[in-house]
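All values below were derived from every heavy atom in this structure, side-chain atoms included, with hydrogens, water molecules and symmetry-related copies excluded.
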Amino acid sequence: MDLNWENRLSRMANNRIHGSIFSDLGAIEKKYKPVCLSIGEPATDFFPLEDMRVFFNAICDRRDLFGYYPYHAGFTALREWIVTWMHNDGIVPSWVTSQNIVLTNGSQQALSYISDLLVDEETCVAVEAPSYVEALRTFRRAGAKFVEIETDENGIIPESFENVCKEFNPSILYTIPNFQNPSGSVAPIDRRNTILDIANKYDVVIIEDDPYRYVSFVDSLPQTYIGLANENKRVIYLGSFSKLIAPGIRCGWMVLPSPIVGKMLELRNTIEMSLPAPMQFVVSEFCLNINIHSYLLKIQNYYKKRCNYLISSLDKYMVPSGLKINYPTGGLFVWSQMPGIKDDVDFVKYAIKNYGVSVMPGSIFYSKPGQGMDTLRFSFARIDEETAEEGCRRLALAYDNYIMDSEKIKNEERRSVIYE
């Protein structure tokens, strides 16, 4: 007799884990091979592989890295470099030491660990609307109950956050304050101070996800929440090397208040026996041997140029049709609203199949279904000038014809009703 595996699945697997639109769109893109204005992954041609080659070669001289690495917080030298770097940049308070740094296999693992540590079934998590889709999926897996906070071009609207706190008493606020994914917004210092005051008033933990901080096109950014909080240790800060070196190295970090470091390491020990010390060694040696300011400036100039390519092409082909876009000052994304689109997923599939161009539907970045159905997210991370021009030209054709096809369907439906 065949085993009925569906009856063996946990409530979590059945009720909280669902298919991803990324997989569905990825399958369509694989078939139609469109011009991609959707991929949020950094450009492969900018990965510093030649600069890292010597450190990859050096791994084989370090046999101690290939056993079970004994430090569950991660490679010691890298943790020490990170805390020195953050202090030099003035973004963490004086209490942060290397003992507060826990390395992770990318920031997604950090979100997963934090979710396991702090989220129970029905824990209320306040999130920006829109917000990072993979964070939403991670918290949902743990059974979180979401409440959305209104946002604008400057991020979280403080009045909305306070109203949410009064009505729903959230335990956690998850926020991306710099070049938010997907909206690209940056929260100004006055809002950060107000939001932190509200979090203090209602005893809310802040998870500050900051992977795009150094992909900036401006001279300075507002102080971090963890820096503003100072001795009020209610902020967990997340950083990542994915946007700075390469996503495939799977290396990120958490800055944790001391009272939860031990419990976090106990949690990790139930999930994995050891960390990938060889890769963390390579990242450590790379960071120790570069001029970090010159290196970051190269990244910033590179992506600023790519952003300008996309913005110029959108202004040329899509804005005249009514597309409303933000003009980002950093990060990897352009957020937009498109009049006439009632179902963004349907439009994206139509554009891929019929005009060979892909963008990301914006509705997937909301915790509640039915929102953002007229929004799209673009990424300029992997596009050159020619790709931006051709992709936006195709998208304009797709939009014009999608609207015309929609009108034809409406007219046919009207005629059908009349004749009936």
Is the ring pair Phe347/Tyr350 parallel, tilted or perpendicular, if the boundaries are 30 and 60 degrees?
parallel

Of Ile195, Ile207, Val205, which is the lone residue that meets side-chain contact (heavy atoms from CB on, under 4.5 Å) with Leu173?
Ile195

Main-chain N/O of Ala110 paired with Ser107 side-chain donor or acceptor, under 3.5 Å
no

Pick out which of Arg377, Glu134, Glu128 makes a side-chain hydrogen bond (donor to acceptor under 3.5 Å, both in side chains) with Asn181.
Arg377

Is it the case that the side chains of Glu389 and Tyr309 hold a donor-acceptor pair, with the cut-off being a distance below 3.5 Å and no angle test?
no

Which heavy atom in Met264 sits nearest to a heavy atom in Leu117, and how many Å separate them?
CE-CD2, 3.6 Å

Result for ring pair (Phe, Tyr, Trp, His ring centres under 6.0 Å) between Phe333 and one of Phe380, Tyr212, Tyr303, Phe179 points to Tyr212

What's the spacing between Ile176 CD1 and Arg213 CZ if we round to 0.5 Å?
14.5 Å

Residues Asn401 and Asn354: side-chain donor-acceptor under 3.5 angstrom
no

Would you check if the distance from the ring center of Tyr214 to the ring center of Trp85 is below 6.0 Å?
yes

Measuring centre to centre across the rings, with the benzene-like ring taken for any Trp, is Phe378 within less than 6.0 Å of Trp335?
no

Donor-acceptor pair between Glu148 and Ser367 side chains, under 3.5 angstrom
yes

Do Asn326 and Ser183 meet the criterion of a side-chain donor-acceptor pair at a distance under 3.5 Å?
no

When you check the side-chain N and O atoms of Asp400 and Tyr355, is any donor under 3.5 Å from an acceptor?
no

Without swapping roles, check the side chain of Ser284 against the backbone of Gln280 for a donor-acceptor pair under 3.5 Å.
no

Flag for Arg137-Gln108: side-chain donor and acceptor within less than 3.5 Å
no

Do the side chain of His87 and the main chain of Ile82 share a donor and acceptor less than 3.5 angstrom apart?
no

Stepwise ring-ring contact (aromatic ring centres under 6.0 Å, His included) check, Phe139 with Tyr174
CA-CA 10 Å; Phe139 292 130; Tyr174 171 74; 5.8 Å; yes

Is it the case that the side chains of Thr387 and Asp384 hold a donor-acceptor pair, with the cut-off being a distance below 3.5 Å and no angle test?
yes

Stepwise, does the side-chain contact (heavy atoms from CB on, under 4.5 Å) test hold for Val261 with Asn100?
CA-CA 7 Å; Val261 171; Asn100 300 101; 4.3 Å; yes

For a side-chain hydrogen bond (donor to acceptor under 3.5 Å, both in side chains) with Ser358, tell me which candidate from Lys33, Glu29, Lys349 qualifies.
Glu29

Asp197 vs Tyr202, test: side-chain hydrogen bond (donor to acceptor under 3.5 Å, both in side chains). Steps then yes/no.
CA-CA 9 Å; Asp197 287 343; Tyr202 294 94; over 6 Å; no

Do side-chain atoms of Glu208 reach the backbone of Tyr225 as a donor and acceptor pair under 3.5 angstrom?
yes

Where the side chain of Arg191 meets the backbone of Ile156, is there a donor-acceptor pair that is under 3.5 Å apart?
yes

Apply ring-ring contact (aromatic ring centres under 6.0 Å, His included) to Phe286 and Tyr295, showing your working.
CA-CA 11 Å; Phe286 176 74; Tyr295 177 74; 5.4 Å; yes

Pair Tyr237, Asp210: side-chain N/O donor-acceptor within cut-off below 3.5 Å
yes

Picking from Lys305, Arg306, Lys298, what satisfies side-chain hydrogen bond (donor to acceptor under 3.5 Å, both in side chains) with Tyr302?
Arg306

Under the 3.5 angstrom rule, does the side chain of Thr375 hit a backbone N or O of Gly372 as a donor-acceptor pair?
yes

Stepwise, does the side-chain hydrogen bond (donor to acceptor under 3.5 Å, both in side chains) test hold for Gln180 with Tyr132?
CA-CA 8 Å; Gln180 199 249 20; Tyr132 175 47; over 6 Å; no

